[in-house]
Asker: 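The following block contains the structure, expressed as structure tokens.
Numbered from 1 within each chain, the chains take letters A, B, ... in sequence-line order. Everything quoted here is computed from the prediction, not taken from an experiment.
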2 protein chains.
Amino acid sequence: MFSKACEYGIRASIFIAEQSLLDRKVSLKDVAEAIESPSAYTSKILQRLSKSNIINSDKGPTGGFSMDKSELEKVKLNSIVYAIDGDTVYNGCGLGLKKCNADKPCPVHNQFKVIRDELKKMLENTTVKTLAMDYEKGLTFLKR
Amino acid sequence: MFSKACEYGIRASIFIAEQSLLDRKVSLKDVAEAIESPSAYTSKILQRLSKSNIINSDKGPTGGFSMDKSELEKVKLNSIVYAIDGDTVYNGCGLGLKKCNADKPCPVHNQFKVIRDELKKMLENTTVKTLAMDYEKGLTFLKR
DNA sequence: TAAATAGTGGACAATTTTATCCAATACAAA
DNA sequence: TTTGTATTGGATAAAATTGTCCACTATTTA
Ligand code: FES
Ligand code: FES
């Protein structure tokens, strides 16, 4: 569904969001441990999220990653997926044709469109904040 | 969503099905041209479909690939995806946790489950035959 | 200002996926 | 039975993704 990088990105964001709700900055190491991901690789992903203004990063001692509490409910899964995997999820053809196009549809276009729209809607409506809050309550897990 | 191999596999199956409805066997070359795929790679995929008894393959002159007309409506997208990509689509966690498990769910488990079940249902209910018939009528396309 | 800390950026390595090549095999037809 | 044709299977190769290493920069604090 998503690339590994994107999976890490979403999990990392949720963790950073949760910690930010508790007014804590987290280090790369913290993130990698919390989501059980290779830290150097995770670093690259956090860089991309930072450049897309989804997370903040601060250098130096007392540095680390964080998200603005005030903007947290504005961040949807959507933006993370887009920042890392681009728009293939939304615009790509399910059977790999160069373009998904209703005028020259692949055999599963109609069936796919329904599901893709559903997915899109879900990603657009799900805020990182709610996910972070559930995680904070111990209802969900970022590794296993 | 699916691997490239799986995309080719689905497209190839639809083409073979359509030709089989017209009582024609098709060669590897025919398939590769019809779905615009690298033929040697496509060959590997057809082998897997053949071993999963989704398509027939015959060697020698007058050989080629085909599907039994009588069994055509029994073949669902489902079996093709399973033959090539395995069960990751159905059982994998959307955020890449080792197992998808409602007892220890990832933060998007519930949202994902809805969509995955939808996808699953679609794959289980869509027969290659109907797709092949639409394709035959020129309503859909296997390349572009 | 020096030292310690934490992210950054670039090069590089491993793995997985996608793609190619070719000799071997099987088979139909002449 | 020979010949030509088409798939098979194994070895490689190329490309993309995932993962690692390390020197550098920025920043805080002593
Ligand atoms: S053309 Fe294939 S999904 Fe739209
Ligand atoms: S645990 Fe992640 S989708 Fe079920």
Side-chain angles (χ1 to χ4, degrees), chain A residues 1-13 15-16 19 24-67 81 83-86 88-89 92 95-96 98, chain B residues 1-12 16 19 24-67 81 83-86 88-89 92 95-96 98:
Chain A
M1 188 82 78
F2 303 133
S3 69
K4 213 95 184 125
C6 190
E7 292 173 354
Y8 292 148
I10 295 173
R11 279 153 64 195
S13 299
F15 176 67
I16 295 169
Q19 292 292 300
R24 294 189 199 133
K25 267 186 192 172
V26 292
S27 70
L28 171 60
K29 188 158 163 281
D30 294 336
V31 174
E33 277 167 7
I35 71 172
E36 216 163 60
S37 66
S39 81
Y41 191 50
T42 304
S43 159
K44 304 296 184 194
I45 296 159
L46 295 181
Q47 277 177 49
R48 276 203 263 171
L49 292 177
S50 160
K51 279 178 185 160
S52 303
N53 298 310
I54 292 167
I55 65 176
N56 308 317
S57 81
D58 298 293
K59 286 185 173 182
T62 79
F65 299 94
S66 61
M67 293 175 85
V81 173
I84 300 179
D85 278 352
T88 52
V89 177
L95 293 190
K98 278 159 210 149
Chain B
M1 188 81 82
F2 303 133
S3 69
K4 212 97 185 123
C6 191
E7 292 172 355
Y8 291 149
I10 295 173
R11 278 152 64 194
I16 295 170
Q19 292 292 299
R24 295 190 198 131
K25 269 186 191 173
V26 292
S27 70
L28 171 62
K29 190 158 162 283
D30 293 337
V31 174
E33 277 168 6
I35 72 173
E36 215 162 64
S37 66
S39 81
Y41 191 53
T42 304
S43 160
K44 304 295 185 194
I45 296 160
L46 295 181
Q47 277 177 49
R48 276 203 262 171
L49 291 177
S50 160
K51 279 177 185 159
S52 302
N53 298 309
I54 292 168
I55 63 175
N56 309 124
S57 79
D58 299 292
K59 285 185 173 183
T62 77
F65 300 93
S66 62
M67 293 176 85
V81 172
I84 299 179
D85 279 352
T88 52
V89 177
L95 292 190
K98 277 159 208 146

Asker: Would you say the side chain of A:I16 lies within less than 4.5 Å of the side chain of A:L46, judging by non-hydrogen atoms?
Answerer: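 A:L46 vs A:I16: side chains touch.
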
Asker: Excluding sequence neighbours, so at least two apart, what forms salt bridge (Lys or Arg N to Asp or Glu O under 4.0 Å) with A:K51?
Answerer: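 Residues passing salt bridge (Lys or Arg N to Asp or Glu O under 4.0 Å) with A:K51: none at all.
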
Asker: For B:S52, what residues pass the side chain to side chain donor-acceptor pair (under 3.5 Å) criterion, not counting sequence neighbours?
Answerer: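 Once residues adjacent in sequence are excluded, B:S52 has no partner under the side chain to side chain donor-acceptor pair (under 3.5 Å) criterion.
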
Asker: Got a sec, which residues hit side-chain contact (heavy atoms from CB on, under 4.5 Å) with B:V89, two or more places apart in sequence or on another chain?
Answerer: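 With neighbours one apart ignored, the set is B:F2, B:V81, B:L119.
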
Asker: Please set out all donor-acceptor pairs under 3.5 angstrom arising from side-chain atoms of residues 54-62 of chain A, sequence neighbours excluded.
Answerer:
residue: A:N56; atom: ND2; partner: A:D68; partner atom: OD1; Å: 2.9
residue: A:D58; atom: OD2; partner: A:K25; partner atom: NZ; Å: 3.3

Asker: Using the C1' atoms of the five pairs at each end, what is the angle between the end axes of the helix from C:dT1-D:dA30 to C:dA30-D:dT1, to 10°?
Answerer: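 About 0°, once rounded to a multiple of 10°.
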
Asker: B:S37: what forms a side-chain contact (heavy atoms from CB on, under 4.5 Å) with it, not counting sequence neighbours?
Answerer: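 For B:S37, the residues satisfying side-chain contact (heavy atoms from CB on, under 4.5 Å) (neighbours in sequence not counted) are B:Y8, B:A32, B:I35, B:T42.
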
Asker: Run the side chain to side chain donor-acceptor pair (under 3.5 Å) test against A:E7 and tell me which residues pass, sequence neighbours left out.
Answerer: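 None.
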
Asker: Could you list the residues that satisfy side chain to side chain donor-acceptor pair (under 3.5 Å) with B:N53, not counting sequence neighbours?
Answerer: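 Checked B:N53 against side chain to side chain donor-acceptor pair (under 3.5 Å); zero matches.
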
Asker: For A:Y8 and D:dG19, is the shortest distance between a side-chain N/O and OP1 or OP2 below 4.0 Å?
Answerer: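 Checking A:Y8 against D:dG19: at least one side-chain N or O falls below 4.0 Å of OP1 or OP2.
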
Asker: Could you give the CZ-to-C1' distance, from A:F2 to D:dT18, as a whole number of Å?
Answerer: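 My rounded result for the distance is 18 Å.
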
Asker: Generate the contact string for nucleotides 6-15 of chain D. Rules: B means base contact, S means sugar-phosphate contact only, - means no protein heavy atom under 4.0 Å.
Answerer: BBBBB-----

Asker: Can you give me the first and the last nucleotide of DNA chain C (5' to 3') that has an atom within less than 4.0 angstrom of a non-hydrogen atom in chain B?
Answerer: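 First and last nucleotides in contact are C:dT18 to C:dA29.
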
Asker: Only counting residues at least two apart or in another chain, list the ones meeting side chain to side chain donor-acceptor pair (under 3.5 Å) with B:S66.
Answerer: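 Side chain to side chain donor-acceptor pair (under 3.5 Å) check on B:S66 returns nothing, list empty.
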
Asker: If the condition is side-chain contact (heavy atoms from CB on, under 4.5 Å), which residues does A:K29 pass it with, not counting sequence neighbours?
Answerer: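 Partners of A:K29 by the side-chain contact (heavy atoms from CB on, under 4.5 Å) criterion, ordered by chain and then number, come out as A:S27, A:E33.
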
